[in-house]
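Below you'll find the structure, written out as structure tokens, and then a few comments.
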There are 2 protein chains.
Amino acid sequence: MPPARPPHPPVSSIDVARLAGVSQSAVSRAFSPGASVSPKMRAKVLEAAAALGYRPSVIPRIMLSGRSRMIGIVVGGLDNPFYAAVLDHFATALQTRGLQTLMMRVPHALSLDGALDQLAGYRVDAVVTALAVGSRQAASALSALRIPIVCFNSRLTAPWISTIRSNNRAAGRLAAELLADRGVRRAAWLAGPADSAAARERGRGFADGLAARGLLPPIVLAADDSYDGGYAAMGALMHREPPPAGLFCSNDLMACGAIDALRARGLSVPGDVLVAGYDNIPQAAWHGYDLTTFDQQAEQMAAAALELLDDPATATGGQSRTIPARLIERGSTSGLIT
Amino acid sequence: MPPARPPHPPVSSIDVARLAGVSQSAVSRAFSPGASVSPKMRAKVLEAAAALGYRPSVIPRIMLSGRSRMIGIVVGGLDNPFYAAVLDHFATALQTRGLQTLMMRVPHALSLDGALDQLAGYRVDAVVTALAVGSRQAASALSALRIPIVCFNSRLTAPWISTIRSNNRAAGRLAAELLADRGVRRAAWLAGPADSAAARERGRGFADGLAARGLLPPIVLAADDSYDGGYAAMGALMHREPPPAGLFCSNDLMACGAIDALRARGLSVPGDVLVAGYDNIPQAAWHGYDLTTFDQQAEQMAAAALELLDDPATATGGQSRTIPARLIERGSTSGLIT
DNA sequence: TTGTATGCGTTATCAC
DNA sequence: GTGATAACGCATACAA
């Protein structure tokens, strides 16, 4: 028994050739832009193709060329608008170049290699991920697949693995200086989950910046990487002690939660507390938050990733590009405390 | 000259067979779960495969089986958290079943057929889209592709095209009743873009519900389908006349904008104006908005779509399923106006 | 310009 | 349990 075919098999070039009374290669040529076909032949083929509803399959092309024109993208949850924006920009950029987006959603950073195994089976030309590659051991497993991989905001580079990063540490320093300039003497750092290297760098930069101004180290709050996490952490802090005058959050989602927690306790932002975040998600610009933040410029990150992948010399990995985060100053840090 | 191959061709089963000194079919069997291979043979093959970094390609399997195990999903912009959530749930559901997500992002609903042409070339097993199929003419073009298509919130069904809908009209009525029960005598409807059939139904239901209570028809505000659209439309209304006591918005994003516009004018929600939205995006639950809304239950919509596609009898289209929207009552409609 | 033949990497069938 | 072989749909080198 032959392998089970789908109930409605797609029309093949042979079907079209039969109907048009020509060879199968003629059909192929009629659909190939630069091929040598007489206009008459092309017309005959296209007519038969239209009658049957024929679409050339790219699958055999993948076998012949060894390139699928599909790029795998691995994301960890689109409930954070920043990741949704990254995916959005990336898919748009890929389509402009005639590439497809094979998307995988993974629950944890740990499942990255499992996802990559599957993507490798589909022979994706490259993989882009917002997830960090945790260990050097995981990296060598990925290197073994010999598929170009670009990570956003991961420190690590390796054969076949490149990195696009935001200048997290400098941004953290800048946040500290901004708050200090506004008169903040006592600041807090709302840290994300411990496994994010990028968030750690932002926190370190923030502490550096405070120290450079002769201020005390920040109160460090650990929280879940979400609106609720920011809300809960800020609420918990205020049970114990008076809130600091300045708050820097490892992302905007947490910052929005923190702001709402402060306001729920009757405090004003920026009247009583200045707040800054990171990512510049759309909600940061909403009038209810008007949040000062750092724009990671997702569009440029996507462009940089494709640039790395386009060039055979850099596609084999080991590259690192830094896209500077731009400070977006808004109302949440405009209150002047003196 | 043979066709240009990529600089680093993937390892094939023949390479593994050569290294292990076995036949190529033995390699295939070693990687097929239920095949008859001796443990010794399997071990030998797996060792050689690991040494070379071999991953079986699914591309030839697609050619033989006629099924790619890829589902195309066409979305129109992830800046709306609702669409991001739909995509998120869908990708998760697909992965649970071992299916891949081939994502396409299209600028306008008009480009749906262009996107489908490309997806057809990749021989996706089905297509799911949150975009509405505009005309019956467009539908017949899609039907010709003979690929199962599931549309969210489109009215139209056709051969190969099924629909998963929210009970928009009933929800609109319910919104009207809720506001009327709270003492609203004069209400407004913040309509989305004209091309959304779902939004139109919500508005019609809202008008129906107001009429059933003997109230005047709603003030209709046309706006862009976004936060800024809601903000601008609400702001413009207040330039002309006093705001209505109740507002129903065709989606949450616009509702958030409208709330911020009201507050920017010194009005309170829900103190002065009651507001309800649609979609139950995460931001609706944020404490700053606390927005009453209708949950479209994206997870169930995704499940229903897969159920339609799983059954060969329903995969060929013409089906319609309704997932009831659940009213989520929050603080934005809690003010009692008497 | 057009037709014929070959190969891409895998699975299924058949003979051993 | 194992190896040889056909087939999937298309693009290409070559022959006509």
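Here is the naming used below: chain letters follow the sequence lines, and residue numbers restart at 1 for every chain.
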Using whole Å, report how far CG of L64(B) lies from P of dT5(D).
-> 18 Å
Base, sugar-phosphate, or nothing for R42(B), non-hydrogen atoms under 4.0 angstrom?
-> nothing
Using a cut-off of 4.0 Å on non-hydrogen atoms, how would the nucleic acid contact of S36(A) be classed: base, sugar-phosphate, or nothing?
-> base
Below 4.0 Å: OP1/OP2 of dA11(D) and any side-chain N or O of R61(A) = yes
N/O donor-acceptor pair under 3.5 Å between D125(A) side chain and I71(A) backbone = no
Test item: N153(A) side-chain N/O and S166(A) main-chain N/O as donor-acceptor pair under 3.5 Å | yes
Does the dG3(D) base have a donor-acceptor partner in the side chain of R29(B) within less than 3.5 Å?
-> yes
Q24(B) CD - dA12(C) P separation (whole Å) = 12 Å
Quick one: on DNA chain C, does S57(B) or P39(A) contact a more 5' nucleotide (nearest heavy atom)?
-> P39(A)
Distance in angstrom units between I59(A) CD1 and dC8(D) P, rounded = 16 Å
R67(B) has an atom CZ; how far is it from atom P of dC8(D), in whole Å?
-> 17 Å
Give one of base, sugar-phosphate or nothing for V37(A), where a contact means two heavy atoms less than 4.0 Å apart.
-> sugar-phosphate
With sugar-phosphate meaning primed atoms plus P, OP1 and OP2, does P56(B) contact a base, only sugar-phosphate, or nothing at under 4.0 Å between heavy atoms?
-> sugar-phosphate
Across the strands shown, which category fits S28(B) at heavy-atom distances under 4.0 angstrom: base, sugar-phosphate, nothing?
-> base
Distance below 4.0 Å between R55(A) side-chain N/O and dC10(D) OP1 or OP2 | no
Below 4.0 angstrom from OP1 or OP2 of dT2(D), is there any side-chain N or O of S38(B)?
-> yes
If you check every side-chain atom of P60(B), which of dG9(C), dG9(D), dG3(C) has the closest atom?
-> dG9(C)
Starting at atom CE of M63(A), determine the distance to atom C1' of dT12(D), rounded to an integer number of angstrom.
-> 15 Å
Are Q24(B) and S13(B) close enough that a side-chain donor and a side-chain acceptor fall under 3.5 Å?
-> yes
Quick one: the side chain of S25(A) and the base of dT4(C), do they pair up donor-acceptor inside 3.5 Å?
-> yes
Rounded interatomic separation in angstrom, taking CD1 from I62(B) and C1' from dC8(C) | 14 Å
For residues F90(B) and E299(B), determine if any side-chain heavy atom of one lies less than 4.5 Å from a side-chain heavy atom of the other.
-> no
F31(B) CZ - dA12(C) C1' separation (whole Å) = 18 Å
Is there a side chain to side chain contact (heavy atoms under 4.5 Å, CB included) between Q118(B) and M104(B) once you walk through the steps?
-> CA-CA 9 Å; Q118(B) 288 197 50; M104(B) 293 213 72; 4.0 Å; yes
Phosphate contact (dC10(D) OP1 or OP2) by Y54(A) side-chain N/O below 4.0 Å = yes
Using atom CZ of R69(B) as one end and atom P of dT10(C) as the other, report the distance to the nearest whole Å.
-> 18 Å
Establish, from distance only, whether the side-chain atoms of R123(A) and S68(A) form a donor-acceptor pair under 3.5 Å.
-> no
